[in-house]
Amino acid sequence: MPPVENKIILPKSELPTTWYNVLPDLPEPMGPYMTPGGQPVSPSDLAGIFPQALIDQEVSTERIHSIPEPVLEALSIWRPTPLVRARRLEQALGVSSRIYYKDESVSPSGSHKSNTAMAQAFFNRQAGITRLTTETGAGQWGTALAIAAKQFGITARVYMVKVSLEQKPYRKVIMNLMGAEVLPSPSQETQAGRRALEENPKALGTLGLAISEAVEEAASRPDTNYVLGSVLNHVILHQTVIGQEVKKQLALAGEKPDFLIACHGGGSNFGGLVSPYVKDILSGQKIRAIAVEPESCPSLTAGEFRYDAGDSAGFTPLMPMYTLGTSFQPPAIHAGGLRYHGSSPIVSALLKSKVIEAAAVSAADCFKFAQMLAWSEYVIPAPESSHALALTCLKALELESAGKPGCLVFTLSGHGLLDLAAYQAHQD
Ligand SMILES: *Cc1c(COP(=O)(O)O)cnc(C)c1O
């Protein structure tokens with residue numbers, strides 16, 4: 001192949017200066033969050049653990065939100081991120097479709113989580129908060145938060161799902177290096193953790209339980225707030241820099257997407273990619289937006305749409321979403337970021353009204369196509385991202401057999417360089 005540009009890179013001046021709120025675009029309004037007693041949650045109910053600015057974003061009906069200057073400055077450390085044409089992957093697959101990936105792995109944490117971590121740390125600091133608690137599954141969110149806490153001068157404590165801590169010890173090293181404290185969940189620090197350990201001293205932990213621990217602690221301390229790396233509306237809002245940049249980059253490449261594909265754990269990288277396109281889809285543009293999950297944790301493809309809590313102890317409000325139920329114990333798959341019983345209310349609403357689709361892929365396909373990406377593009381995807389990659393490859397092959405090549409875009413939500421245990425497990 002002659003040398004040919006494969007990266008579409010936007011100058012710093014093209015960094016989005018606003019976030020795009022998709023809530024006003026939903027075909028049916030989202031039901032309010034509810035208390036376990038069946039009352040709508042009032043914004044003030046959330047004030048014990050979230051700053052007002054984030055509560056306002058959670059329920060906002062405004063489409064456009066300005067990104068504050070200090071957040072823009074933090075985002076500009078690594079944004080805009082490249083959109084990469086994966087020509088060598090196309091060749092390896094033998095397809096004539098164009099495959100692009102949005103490379104969110106170039107952030108300080110190695111994943112898209114830094115986009116919202118910086119914003120959440122800023123708004124908490126602005127509200128006078130000096131300490132944050134959170135949970136982390138695979139460790140990417142904890143890493144992103146630890147870095148963002150450093151950026152804005154906040155102390156962070158991270159409850160990390162025990163099985164992930166054992167699989168990925170180096171994430172803890174990074175978080176500690178950044179000055180954050182990391183505890184395995186279930187822990188002895190909270191009632192929710194102690195109860196889980198009494199029931200099963202060998203509990204592997206779940207994201208739902210780690211959330212309970214972090215929320216319980218934040219609710220009991222006035223200097224401490226809680227931050228969540230996915231699921232909530234304000235998190236998806238912060239991730240819309242992804243989709244806005246993709247739109248500009250595809251325009252530069254003279255492309256319109258036929259497929260927008262992202263993996264789905266709590267819905268933030270998918271929601272961030274797709275939110276700016278929802279109006280286009282509703283106005284008739286033929287774009288298939290597909291959220292991809294593991295067959296072993298199929299909240300969107302096999303879950304039920306109903307009100308459910310975001311955590312296992314039921315401390316969070318009840319939210320309308322596709323869920324497998326809070327007691328669902330996902331197997332210890334390596335894509336820790338996708339081991340979540342529920343989904344985001346925004347993605348759930350989009351799926352329910354058929355604006356988007358959902359699909360589940362097998363672990364075998366994820367590994368197969370991750371290896372193909374490594375051999376062709378020399379990129380090792382995060383196990384989570386390999387779900388988006390696998391579906392993209394399967395769709396490109398399908399389009400090829402149908403003789404209808406197209407333009408497929410997926411989010412490389414993170415790199416897999418700290419997930420080598422997942423790859424090792426396939427080699428042994
Ligand atoms: C957390 C994470 C995910 C899943 O979370 P979403 O909110 O669904 O995006 C996917 N990929 C990576 C790399 C992650 O860190």
Side-chain angles (χ1 to χ4, degrees), residues 81 101-117 120 134-147 158 160-161 164 167-168 171 174-175 207 210-211 227-243 260-275 289-294 297-300 310 321-322 330 333-348 350-351 356 358 360-361 366 370 379-391 410-419 422:
T81 61
Y101 65 88
K102 178 64 168 164
D103 190 0
E104 291 296 309
S105 77
V106 299
S107 87
S109 63
S111 83
H112 70 291
K113 299 275 182 9
S114 286
N115 298 327
T116 185
Q120 293 191 53
T134 195
E135 73 294 328
T136 194
Q140 286 102 323
W141 167 241
T143 305
L145 198 267
I147 293 168
V158 180
M160 183 162 180
V161 177
S164 299
Q167 284 171 346
K168 298 173 184 185
R171 285 279 174 194
I174 301 179
M175 289 183 261
L207 215 43
I211 296 174
V227 283
L228 182 60
S230 185
V231 181
L232 297 176
N233 302 343
H234 67 262
V235 180
I236 292 189
L237 178 74
H238 303 154
Q239 293 295 355
T240 58
V241 288
I242 300 175
L260 294 172
I261 296 176
C263 66
H264 180 279
S268 73
N269 89 88
F270 177 81
L273 174 68
V274 167
S275 289
I290 311 180
V292 193
E293 55 190 14
C297 191
S299 29
L300 295 175
M321 61 175 169
Y322 284 93
I333 56 170
H334 282 281
L338 306 184
R339 291 180 78 239
Y340 185 60
H341 68 273
S343 52
S344 96
I346 285 179
V347 175
S348 296
L350 290 171
L351 179 61
I356 64 146
V361 291
C366 288
V379 168
I380 299 175
E384 291 85 0
S385 317
S386 71
H387 290 71
L389 164 73
L391 190 81
F410 76 94
T411 324
L412 185 79
S413 52
H415 66 67
L417 295 176
L418 286 161
D419 303 286

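Ligands are counted one by one from 1 in listed order, and the atoms in each one are counted from 1 as well. These values consider heavy atoms only, across backbone and side chains, with no hydrogens, waters or symmetry-generated copies.
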N/O of [X] under 3.5 Å from N/O of ligand 1, yes or no?
{"X": "Gly267", "result": "yes"}
{"X": "Ala382", "result": "no"}
{"X": "Phe270", "result": "no"}
{"X": "Asn269", "result": "yes"}
{"X": "His264", "result": "no"}
{"X": "His112", "result": "yes"}

Inset, instruction - Answer side chain, backbone, both or neither: which part of Gln239 comes under 4.0 Å from ligand 1, heavy atoms only. - result: neither

Using a strict cut-off of 4.0 Å, indicate which atoms of ligand 1 neighbour a heavy atom of [X].
{"X": "Ser413", "answer": "10 (C), 11 (N), 12 (C), 13 (C)"}
{"X": "Ser230", "answer": "6 (P), 7 (O)"}
{"X": "Gly414", "answer": "13 (C)"}
{"X": "Gln140", "answer": "13 (C), 15 (O)"}
{"X": "Cys263", "answer": "10 (C), 11 (N)"}

Less than 3.5 Å apart, any donor N or O on the side chain of [X] or [Y] sitting next to an acceptor on the other?
{"X": "Ser109", "Y": "Gln140", "answer": "no"}
{"X": "Glu384", "Y": "Asn269", "answer": "no"}
{"X": "Ser105", "Y": "His415", "answer": "no"}
{"X": "Ser343", "Y": "Ser348", "answer": "yes"}

Any donor and acceptor pair, going by atom type alone, linking the side chain of [X] with main-chain N or O of [Y] inside 3.5 Å?
{"X": "Thr134", "Y": "Val227", "answer": "yes"}
{"X": "Ser275", "Y": "Gly272", "answer": "no"}
{"X": "Lys102", "Y": "Thr81", "answer": "yes"}

Legend entry - Residue pair His112 / Ser107, side-chain heavy-atom distance below 4.5 Å: no

Inset, instruction - Verify side chain to side chain contact (heavy atoms under 4.5 Å, CB included) between Gln239 and Thr116, making sure each step is shown before the conclusion. - result: CA-CA 6 Å; Gln239 293 295 355; Thr116 185; 3.7 Å; yes

Inset, instruction - Could you check atom 8 (O) of ligand 1 against the protein and tell me its nearest heavy-atom contact, residue, atom and distance included? - result: Gly265 N, 2.6 Å

Legend entry - Protein residue, atom and distance nearest to atom 4 (C) of ligand 1, heavy-atom basis: Gly337 O, 3.5 Å

Legend entry - Among Lys113, Glu384, His415, Glu104, closest by any non-hydrogen atom to atom 5 (O) of ligand 1: Lys113

Inset, instruction - Describe, in one word, how the ring planes of Phe410 and Tyr101 are oriented to each other, choosing from parallel (under 30°), tilted (30 to 60°) and perpendicular (over 60°). - result: tilted

